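First comes the structure, then the notes that go with it.
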Protein chains: 2
Amino acid sequence: MIDRMAAATHPSMEDLDLPTVMHALADPIRLGLVRLLSDGEERAWGDLDAPVANSTLSHHLKVLRSAGITRTREEGKRCFVRLRSDEFEGRFPGLLDTTLALAGEAGTGVADVRLHSAAA
Amino acid sequence: MIDRMAAATHPSMEDLDLPTVMHALADPIRLGLVRLLSDGEERAWGDLDAPVANSTLSHHLKVLRSAGITRTREEGKRCFVRLRSDEFEGRFPGLLDTTLALAGEAGTGVADVRLHSAAA
DNA sequence: TTCTATCTTCGACGAACATCGAACAATCGG
DNA sequence: CCGATTGTTCGATGTTCGTCGAAGATAGAA
């Protein structure tokens with residue numbers, strides 16, 4: 001149907017509003033993903049190990065992408081994800097850094113998202 | 001039924017998790033309320049002028065209260081609301097300040113919540 | 001071309017959510 | 001005691017959300 005080739009659509013930062021962004025950050029799995037990506041490195045989709053089905057993981061990544069938080073790059077058959085840190089910082093100053101600092105601590109209700117065995 | 005006298009229940013900061021807090025901050029009306037309270041002053045419930053029915057406003061204030069963001073005080077027949085700034089800062093450092101800074105700007109999707117004519 | 005790996009989309013489900021009006025409880029003033 | 005004021009709760013409605021499995025689409029390997 002869609003577009004592994006049409007390159008997953010990414011919103012312009014100007015088009016984003018605060019409620020949308022907050023909502024994207026209001027889920028344990030998505031916070032776990034953001035935490036995993038917090039070092040700024042790009043990660044392969046297939047290396048992401050979250051406690052949900054692949055279809056659900058795809059959904060969560062779409063929500064993060066739609067909220068301007070992550071960028072997805074397609075390379076052949078595989079996908080890579082990373083934070084849009086700099087751009088996001090320009091639109092919502094401080095929000096990502098603050099959230100990452102909080103999501104990094106234990107007991108904050110963030111899901112355990114890690115990398116599959118063969119880490120990069 | 002309940003308890004204008006049992007004093008609206010407020011959670012302990014340790015019992016709060018990040019997804020809950022983010023969710024509370026993911027609504028235009030609630031962000032508008034938080035913005036209105038951002039100066040730290042206590043406001044009378046009846047002075048709050050939000051574009052929703054009273055029952056809905058009551059609901060939103062309950063969500064904020066349950067997320068540890070606001071505190072409600074009852075004095076006789078009337079209610080007063082204020083932010084739990086200091087306590088909240090201790091549990092989620094930086095989050096409230098960052099959010100308030102962002103909610104204060106235009107074009108961020110925050111609802112227009114103000115005070116009724118007779119402002120305090 | 002055919003098969004395989006890699007995501008994405010579809011369709012469905014139950015749960016949670018925002019919203020309203022009406023009914024209710026509590027307090028204060030006659 | 002009666003009535004007005006002030007929020008809160010209830011019940012209902014329509015929407016959105018998180019989740020899954022199955023089916024689809026694409027790129028590369030065989």
Side-chain angles (χ1 to χ4, degrees), chain A residues 1-10 17 19-33 42-67 70-81 109-111 113 116 118, chain B residues 1-10 17 19-33 42-67 70-81 109-111 113 116 118:
Chain A
M1 17 223 60
I2 297 205
D3 53 44
R4 290 295 292 293
M5 59 173 309
T9 156
H10 294 87
D17 60 17
T20 298
V21 170
M22 288 302 200
H23 169 257
L25 295 173
D27 178 272
I29 299 285
R30 292 194 289 265
L31 282 171
L33 287 166
E42 184 176 73
R43 304 291 181 185
W45 203 106
D47 287 344
L48 303 177
D49 182 17
V52 289
N54 278 351
S55 55
T56 303
L57 179 55
S58 182
H59 163 68
H60 284 306
L61 287 171
K62 182 177 182 178
V63 172
L64 288 174
R65 199 184 333 124
S66 302
T70 59
R71 177 176 295 284
T72 295
R73 179 175 66 87
E74 282 140 48
E75 187 178 309
K77 185 173 16 177
R78 311 208 296 151
C79 278
F80 297 88
V81 193
V110 178
V113 178
H116 275 126
Chain B
M1 16 213 60
I2 299 205
D3 53 44
R4 293 295 293 294
M5 61 173 307
T9 154
H10 294 87
D17 60 18
T20 298
V21 170
M22 288 302 201
H23 170 257
L25 295 173
D27 179 271
I29 300 285
R30 292 195 289 265
L31 282 171
L33 287 166
E42 185 176 73
R43 305 291 181 185
W45 203 107
D47 287 345
L48 301 177
D49 182 18
V52 289
N54 278 351
S55 53
T56 304
L57 178 56
S58 182
H59 162 69
H60 284 307
L61 287 171
K62 181 176 181 178
V63 172
L64 288 174
R65 196 182 339 119
S66 302
T70 59
R71 176 176 295 284
T72 296
R73 180 174 66 88
E74 281 140 48
E75 187 177 310
K77 183 172 21 176
R78 312 209 296 151
C79 277
F80 297 88
V81 192
V110 178
V113 178
H116 276 125

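Only this structure's heavy atoms are used, side chains among them; waters, hydrogens and symmetry mates stay out. Just so it is clear, the structure is predicted and the values come from calculations on it, not from any experiment. Every chain is numbered from 1 and lettered A, B, ... according to where its sequence line falls, protein lines coming before strand lines.
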Checking B:Leu61 against B:Thr72 for the side chain to side chain contact (heavy atoms under 4.5 Å, CB included) test, could you report, in this order, the C-alpha distance in whole Å, the side-chain angles of both residues, the deciding distance, and whether it holds? CA-CA 9 Å; B:Leu61 287 171; B:Thr72 296; 5.7 Å; no

Under the salt bridge (charged side-chain N to carboxylate O under 4.0 Å, His left out) test, which residues partner B:Arg71, sequence neighbours left out? B:Glu87

Between protein and nucleotides 17-19 of chain D, what N or O pairs are separated by less than 3.5 Å?
from, atom 1, to, atom 2, distance (Å)
D:dG18, OP1, A:Arg30, NH1, 3.3
D:dG18, OP1, A:Arg30, NH2, 2.8
D:dG18, OP2, A:Arg30, NH1, 3.4
D:dG18, OP2, A:His59, NE2, 3.4
D:dT19, OP2, A:His60, NE2, 2.4

Could you go through residues 20-27 of chain A and list every donor-acceptor pair under 3.5 Å that involves a side-chain atom there, pairing it with any protein atom two or more places apart or in another chain?
from, atom 1, to, atom 2, distance (Å)
A:Thr20, OG1, A:Asp17, OD1, 2.4
A:Asp27, OD1, A:Ile29, N, 2.9
A:Asp27, OD1, A:Arg30, N, 3.2

Could you go through the side chain to side chain contact (heavy atoms under 4.5 Å, CB included) check for A:Leu33 and A:Leu57 one step at a time? CA-CA 10 Å; A:Leu33 287 166; A:Leu57 179 55; 3.9 Å; yes

Tell me: CG of B:Leu33 to C1' of D:dG7, nearest whole Å? 15 Å

Write down the distance between CZ (A:Phe80) and P (C:dT8), rounded to a whole number of angstrom. 13 Å

Heavy-atom side-chain proximity of B:Phe80 to B:Arg43 below 4.5 angstrom: no

Could you tell me the separation between the CZ atom of B:Arg78 and the C1' atom of C:dG29, rounded to a whole number of Å? 15 Å

Find every protein N or O atom lying less than 3.5 Å from an N or O atom of nucleotides 28-30 of chain D, and list the pairs.
none

Quick one, B:Lys62 with B:Arg65, criterion side chain to side chain contact (heavy atoms under 4.5 Å, CB included). Give me CA distance, side-chain angles, the key distance, then yes/no. CA-CA 5 Å; B:Lys62 181 176 181 178; B:Arg65 196 182 339 119; 3.9 Å; yes

Sub-3.5 Å pairs of nitrogen or oxygen atoms, protein against nucleotides 13-15 of chain C:
none

Who passes side chain to side chain contact (heavy atoms under 4.5 Å, CB included) against A:Thr56, sequence neighbours left out? A:Val52, A:Ala53, A:His60

How bent is the helix from C:dT1-D:dA30 to C:dG30-D:dC1, comparing axes over its five end pairs at each side, to the nearest 10°? 10°

Can you tell me the distance, in whole Å, between the CZ atom of B:Arg73 and the P atom of D:dG7? 12 Å

Distance in angstrom units between B:Glu74 CD and C:dA26 C1', rounded: 10 Å

